[in-house]
Amino acid sequence: MNAIRLLKRLSFKRPLAVASLVIMSSAVSTTGWAQSISLPNTILPEGQAREQQEQVDDTPRADWRSGTYGPVSAQPQNPDELPPFGANLFSGGFRGAMGDGLNASYQVKPGDQITVRAWGAFEFERVLPVDAQGNIFIPGSGPLNVEGQNSQQVESSVRGAITSVYPENVQVYTNVQGIQPVAVFVTGYVENPGRFAGTPNDSVLYFLDQAGGIDQDLGSYRQIRVMRNDRTVATVDLYDFLINGSIARPQFEDGDTIVVEERGPAIAVGGDVHREHRYELLGNQLSGAELVNLARLRSGVSHVLLRGNREDGPIAQYFPIDMFYGQTIRSGDEVLFSADKRSETIVVEVEGSYYGPSRYALPRDARLSELLDAIPVPENMTAVESISLQRESVRQQQQQSMEDSLRRLETTYLSAESSTNEEAQIRAQEAELIQNFIERARELEPSGRLVVAYNDQISDIRLQDGDVITIPELSDSMLISGEVLVPQAAVFRPGMNVIDYIESAGGFTNRADEDHILVVRQNGAVENARNVNLRPGDEILVMPAAPTHNLQLASTLTQILFQIAVATRVAVDL
């Protein structure tokens with residue numbers, strides 16, 4: 001077994017020192033003989049090298065939706081334009097069911113009912129109401145005050161009252177049931193203020209949901225008061241519930257009032273967060289650490305942009321995330337979290353005829369020669385002159401170029417006016433043809449193929465994250481497709497020309513443009529078939545003729561057909 005690296009027999013456009021690579025798998029498993037790619041040690045002429053270099057787009061790929069790249073809006077985000085943190089809280093159905101009143105901490109009040117059972121020396125079973133004075137009446141013991149007691153305290157009081165009369169051989173059981181419902185007023189900044197029924201054990205959320213929830217524009221999620229007889233008995237901050245799941249649980253009485261205060265000072269939070277929200281402050285400021293605890297950040301956040309107004313004028317400051325914790329955030333500020341840290345490593349994929357892993361982690365400035373130097377290939381099985389590369393940025397450029405061409409075609413020929421009825425009929429037929437063609441063309445996906453092999457020469461371009469390098473296997477076939485009667489793959493035979501292969505596929509269809517035949521190389525290069533020497537692995541692509549007598553339209557359609565064929569390796573049928 002002999003594993004020889006690619007670069008030793010590759011010819012690149014310019015010499016380059018081999019840099020060390022960080023490879024995801026250092027072990028390369030091979031079976032049988034292996035050889036390196038071998039190309040003549042020639043260099044492209046200066047003009048061709050410059051032309052090919054100009055076609056290479058080495059700009060870094062970026063996610064323009066993140067806070068890392070792209071322009072930042074000139075004007076700060078207005079907190080009033082964002083939904084408040086907790087805006088979806090009252091879509092959970094808190095009003096769906098009343099509490100059952102069996103909370104162990106529930107305190108008995110007049111109107112409740114208590115089941116008392118006694119057996120042994122004293123037999124007794126009855127449901128006793130709690131009267132207006134808070135008493136229940138036990139035969140033989142008299143009235144017993146249980147108001148304000150929880151279930152355990154009630155059972156202890158009843159047992160004590162009964163055993164004081166029957167001290168021996170008596171068992172006692174009590175159960176608080178039949179809780180008296182209450183009516184609670186909900187007012188302030190809610191959607192539908194009113195008086196709502198519930199039980200003393202129901203949550204504040206139950207009554208707020210009954211009132212339609214908090215007014216998202218004006219209501220406070222952090223200042224909610226429970227009033228009784230003109231005094232505050234509880235204050236509820238819903239942020240505690242939203243973040244930690246904890247909430248104050250006051251026991252309501254008939255006539256209590258829940259008051260939602262007006263929204264306090266707020267800040268706008270956006271960028272690399274799961275949801276952009278308006279966050280309400282309890283005071284006029286909070287620390288960066290407190291805000292990070294409130295906001296749910298995406299992974300990888302590294303920096304924070306803080307914008308706002310201070311006494312000495314507007315500010316715009318950019319902090320690493322660890323420095324942001326100690327900053328003071330004030331009312332009206334805008335905070336943008338950003339994953340603004342470039343990775344020093346890119347990941348590229350390799351496919352085709354080679355040995356080793358399919359993915360490689362490389363330095364961000366790695367070049368194609370450095371990667372190929374690390375890849376062994378099978379002996380006498382690799383098409384060394386046909387290495388190609390697929391790149392996302394190239395695919396996007398091809399897609400945009402196709403879309404621009406199709407849009408110009410629509411604008412030019414679908415909006416043209418006709419001077420006669422006969423001309424109008426012709427234009428209507430052309431419009432239908434164009435519309436059908438555009439619909440089919442827009443469904444095609446460009447390959448993003450970047451031709452890096454030319455005249456037995458490999459361009460030593462800088463790699464980008466997500467590149468896919470194709471090292472094709474030697475082929476013995478020719479593919480004949482497009483406007484031929486029987487599209488097929490045929491065995492390559494030296495001496496046969498393009499027409500010979502087309503005849504072997506049944507010849508041209510009646511829609512074929514016999515003057516426009518393309519040859520697509522294994523490396524992705526597309527050449528006119530007139531002056532080309534066929535090689536194994538080539539594809540002969542017969543283009544369709546534009547079915548129109550309008551010479552200008554035919555020329556435009558032919559040009560777009562060529563553009564689509566180059567980008568997608570498909571001859572679109574008109």
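Residue numbers start at 1 and run along the sequence shown. Since this is a predicted model, take the numbers as computed values, not measurements.
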Derivation of the salt bridge (Lys or Arg N to Asp or Glu O under 4.0 Å) call for R263 and E280: CA-CA 7 Å; R263 190 194 80 196; E280 183 181 352; over 6 Å; no
Side-chain (D373) to main-chain (E370) donor-acceptor, under 3.5 angstrom: no
Y360 side chain reached by L463 side chain, heavy atoms, under 4.5 Å: no
Under 3.5 Å donor-acceptor, E473 side chain and M381 backbone: no
Side chain R307, main chain A316, donor-acceptor under 3.5 Å: no
CA sep, side-chain torsions, deciding dist, call: T509, E483, side chain to side chain donor-acceptor pair (under 3.5 Å): CA-CA 5 Å; T509 67; E483 294 299 331; 2.7 Å; yes
Gap separating the CD atom of Q464 from the OG atom of S393, nearest 0.5 angstrom: 4.5 Å
Approximate separation, where rounding is to 0.5 Å, of R462 CZ and R364 CZ: 8.0 Å
Side-chain donor or acceptor of S477 paired with backbone N/O of V491 under 3.5 Å: no
Donor-acceptor pair, side chain of N523 and main chain of A453, under 3.5 angstrom: yes
Y279 vs V335 side-chain heavy atoms within contact, under 4.5 Å: no
Side-chain donor or acceptor of Q488 paired with backbone N/O of S481 under 3.5 Å: no
Enclosure of N533 CG (heavy-atom neighbours >12, cutoff 6.0 Å): no
Test side-chain contact (heavy atoms from CB on, under 4.5 Å) applied to P446 and Q396, Q397, Q398, Q390, the passing residue: Q398
Ring centres under 6.0 angstrom apart (Y221, Y239): no
Atom pair CD1/CD1 of I458 and I387 - distance to nearest 0.5 Å: 4.5 Å
Separation of R395 CZ from R449 CZ (nearest 0.5 Å): 13.5 Å
Ring centres under 6.0 angstrom apart (F319, H303): no
Expected output: side-chain D513 to main-chain M543 donor-acceptor under 3.5 Å: no
Pairing residues for E503 by the salt bridge (charged side-chain N to carboxylate O under 4.0 Å, His left out) criterion, not counting sequence neighbours: none
Donor-acceptor contact below 3.5 Å, side chain Q522 vs main chain P472: no
Any side-chain donor near an acceptor of the partner, D460 and S369, under 3.5 Å: yes
Euclidean distance, I480 CD1 relative to S504 OG, rounded to 0.5 Å: 4.5 Å
N-O pairing of D333 and R330 below 4.0 Å: no
Over 12 non-hydrogen atoms of neighbours within 6.0 angstrom of CZ in R530: no
Under 3.5 Å: donor-acceptor pair, side chain of D500, backbone of N497: yes
Aromatic plane relationship, F492 with Y501 - under 30° parallel, 30 to 60° tilted, over 60° perpendicular: parallel
Matching residue for R296 among I243, V269, V273 - test: side-chain contact (heavy atoms from CB on, under 4.5 Å): I243
Donor + acceptor pair across side chains of T470, E351 (<3.5 Å): yes
